[in-house]
Amino acid sequence: MKRVIAAVLAVSVCAGSVFAQSGGTPSDSGSTLSVGKNGSLGLEAATTFAADLNDGSTGLETRAGIELILDLFPRADRGLRDDKSGDAHVRLELKDAAFTWWNTFQTTGGNYEQDDFNSWAARPLILSFDTLTADVVWNNYFFRIAATDTVMRTNLIALRSIFDDVMDYQDRFYVAHGQALWTASRYNIQQLPLLRARLNRDLTDSDYRGNYTGILAAGAEFSKFGLTLKAASQANGLNNNENAWLVGADAQVVPVDNLKLEAAGFAAFNYDKTTVGKNPVTFGLASEYRLPLNEKLIVLPFAGFDFAWEQTTEEAAWEAGGGAVLYTRGWDTRVSSRVLDYDDVIPIGFSLSADYDHTSRLNVLVSWFDPAGEDSLIPRFGGFLQFELGDLLAQHTPEPDIAVLAQFEYSIKNKAVPYIRGGYRPELNAAGTSKTGVTFITSAVGCFLTAFNNFSIDIRYERTDRQAGSETELDNGTLSASFTISM
């Protein structure tokens, strides 16, 4: 094994030499070198000078990191499937699955000996995949033993944004388990949503996924229609003494091209006798229509409704919502951003979404993202916007919650990107549930320079002014310059 690792590292060093000679490809997050066919090695070193203009303090901060990712089994669809018509067969599918050995080595300060990089903590082999399905299939019908996307949950509508994957960054294994470099500062950098817990994107979400030990399903799959009937129990046969069960159904219909209709729901029985204490009956309806204006411009309007009725208290809860997403560089394009998220999870375009529930709570979310470049909607002009309105009708608060953050930038020959950023948001408690009465007004102006391949400079002046009632506390701001070399 030591010889294998040594060989891989030797290949990576050679690849680095070739890359340095060829110039490489510039990127906000650095470019990645291929290590043979089954791995990649990334290196980055950065030093930031900052001056606090409030107290006159100045200083430097340096950090260096190495990320080694070995795809021992690269991403692919794996399993068993026999599509012979008329014969019953097994379908065991693991989609987009990979086994990866992912290690990071990092240090900060002024010491860069090898032991300063090593944490001496073993990193595990990681399994990642999109979906797992285990069925017995006959023609268009199936009997499902297990599946990751067959669950007891009714949540077909919620506030939708082009920044959904950014806001849900904790769902990524390398963030939740700290596998990647500097997870605290590279993913969801602006900490969206700005209103945090006060902007509940799922006002009605009936989710029993952690409250059953087993589930079976059966159904049918056709090109324009699908139906799944499912049943689950709160505990196994020996321990389910209250006979607590869930039964439900999911359906999808495509009546015309690009139009998708969905329905989902489930009901609980005897769950009120368990520690869960609730017996809901739920259903949800949703629709979306993909309207391609051309190859790059695609409009996706959507709408939905979720309902839950609690049998024990006879109380009802519901949520209705809708909106539209405009993709401006194609349906599948996903990119990263040096100021939002270092992973390729952000679609490019505009989104508008609103939801309203049984308590008269109305939330609105507007988002926009278009990195500046030659292929921007307005060539060389771009930026991002996050505009949030919580409880717009002020049914639960004295006044609506408002927060906004926007950046506008302009690319000059792909070498210099001057930008200006501004924001307005309330100060929240540690849990993000209540306001302190203070409002933050943030601003920044700077320029991101790519002097030459693999070397960037970010020069910025930023400030955070505080407003409490009629009093304003002005911030003298911080001046910083960050120098980064990465590959």
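From a predicted model like this one, the values you see are computed outputs, not experimental measurements.
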Are the side chains of [X] and [Y] in touch, meaning some heavy atoms are under 4.5 Å apart?
| X | Y | value |
| --- | --- | --- |
| Gln467 | Val438 | no |
| Thr107 | Arg63 | no |
| Ile412 | Pro418 | yes |
| Leu449 | Lys415 | no |
| Met167 | Gln386 | yes |
| Glu44 | Glu67 | no |
| Leu393 | Tyr356 | yes |
| Asp168 | Arg201 | yes |

> So Ile348 and Tyr327, side-chain contact (heavy atoms from CB on, under 4.5 Å) or not? Walk me through it.
Replying inline: CA-CA 6 Å; Ile348 298 174; Tyr327 299 89; over 6 Å; no
Please report the closest heavy-atom contact between [X] and [Y], naming both atoms and the distance.
| X | Y | result |
| --- | --- | --- |
| Asn258 | Pro292 | ND2-CD, 4.2 Å |
| Tyr342 | Arg338 | CE1-O, 3.6 Å |
| Glu319 | Asp202 | OE1-C, 4.0 Å |
| Leu159 | Ser353 | CA-OG, 3.4 Å |
| Ala403 | Pro426 | CB-CD, 4.3 Å |
| Leu297 | Thr328 | CD2-CA, 3.7 Å |

Do you see a donor-acceptor pair shorter than 3.5 Å between the side chains of [X] and [Y]?
| X | Y | value |
| --- | --- | --- |
| Asp475 | Asn54 | yes |
| Asn429 | Ser434 | yes |
| Ser336 | Asp343 | no |
| Thr436 | Glu427 | yes |
| Ser206 | Thr154 | no |

Would the distance check show the side chain of [X] and the main-chain N or O of [Y] forming a donor-acceptor pair, the cut-off being under 3.5 Å?
| X | Y | value |
| --- | --- | --- |
| Asp341 | Ile189 | no |
| Tyr212 | Met152 | yes |
| Glu388 | Leu194 | yes |
| Asp306 | Leu156 | yes |
| Thr150 | Ala147 | no |
| Asp52 | Gly56 | no |
| Asp164 | Ser161 | yes |
| Ser337 | Val339 | yes |
| Arg75 | Asp96 | yes |
| Glu462 | Ser443 | no |

>> With a 4.0 Å cut-off on N to O distance, would you call Asp135 and Arg144 a salt bridge?
In response: yes
> In terms of side-chain geometry, is the basic nitrogen of Asp205 or Arg153 positioned less than 4.0 Å from the acidic oxygen of its partner?
Replying inline: yes
Within a reach of under 6.0 Å around [atom1] of [X], are more than 12 heavy atoms found that belong to other residues, nucleotides or ligands?
| X | atom1 | result |
| --- | --- | --- |
| Lys435 | NZ | yes |
| Glu374 | CD | yes |
| Gln170 | CD | yes |
| His177 | NE2 | no |

> With respect to Leu326, which candidate in Ile298, Leu291, Val299 satisfies the side-chain contact (heavy atoms from CB on, under 4.5 Å) definition?
Replying inline: Val299
> Could you walk me through whether Leu405 and Thr442 pass the side-chain contact (heavy atoms from CB on, under 4.5 Å) check?
Replying inline: CA-CA 9 Å; Leu405 181 67; Thr442 61; 4.3 Å; yes
> Going through the checks in order, is the side-chain contact (heavy atoms from CB on, under 4.5 Å) test met by Thr484 and Thr48?
Replying inline: CA-CA 9 Å; Thr484 303; Thr48 299; over 6 Å; no
> Does the pair Arg334 and Asp344 meet the rule for a salt bridge (Lys or Arg N to Asp or Glu O under 4.0 Å), with working shown?
Replying inline: CA-CA 5 Å; Arg334 298 292 185 273; Asp344 294 327; over 6 Å; no
> Step by step, would you call Tyr187 with Trp182 a ring-ring contact (aromatic ring centres under 6.0 Å, His included)?
Replying inline: CA-CA 9 Å; Tyr187 307 103; Trp182 304 306; over 10 Å; no
>> If you apply the rule side-chain contact (heavy atoms from CB on, under 4.5 Å), what do you find for Ile459 with Phe448, and how did you get there?
In response: CA-CA 7 Å; Ile459 302 172; Phe448 183 79; over 6 Å; no
>> Just checking Trp368 against Phe387, ring centres under 6.0 Å apart?
In response: no
Separation of [Y] [atom2] from [X] [atom1] (nearest 0.5 Å):
| X | Y | atom1 | atom2 | answer |
| --- | --- | --- | --- | --- |
| Leu70 | Leu41 | CG | CG | 9.0 Å |
| Leu362 | Leu392 | CG | CG | 5.0 Å |
| Arg463 | Leu53 | CZ | CG | 9.5 Å |
| Ile66 | Gln114 | CD1 | CD | 10.5 Å |
| Asn188 | Arg172 | CG | CZ | 8.0 Å |
| Glu61 | Ser480 | CD | OG | 11.0 Å |

> How are the rings of Phe455 and Phe483 set to each other: parallel, tilted or perpendicular (split at 30° and 60°)?
Replying inline: parallel
> Taking it one step at a time, do Asp55 and Ser57 satisfy side chain to side chain donor-acceptor pair (under 3.5 Å)?
Replying inline: CA-CA 6 Å; Asp55 57 17; Ser57 63; 2.9 Å; yes
>> Does Arg160 qualify as a cation-pi partner of Phe302, given the criterion of NZ or CZ under 6.0 Å from the six-membered ring centre and within 45 degrees of its axis?
In response: yes
>> Show me the pairs that pass ring pair (Phe, Tyr, Trp, His ring centres under 6.0 Å) and involve residues 51-80, at least two apart or across chains.
In response: Phe73-Phe99
>> Suppose the criterion is ring pair (Phe, Tyr, Trp, His ring centres under 6.0 Å): which pairs have a residue in residues 414-443, not counting sequence neighbours?
In response: none
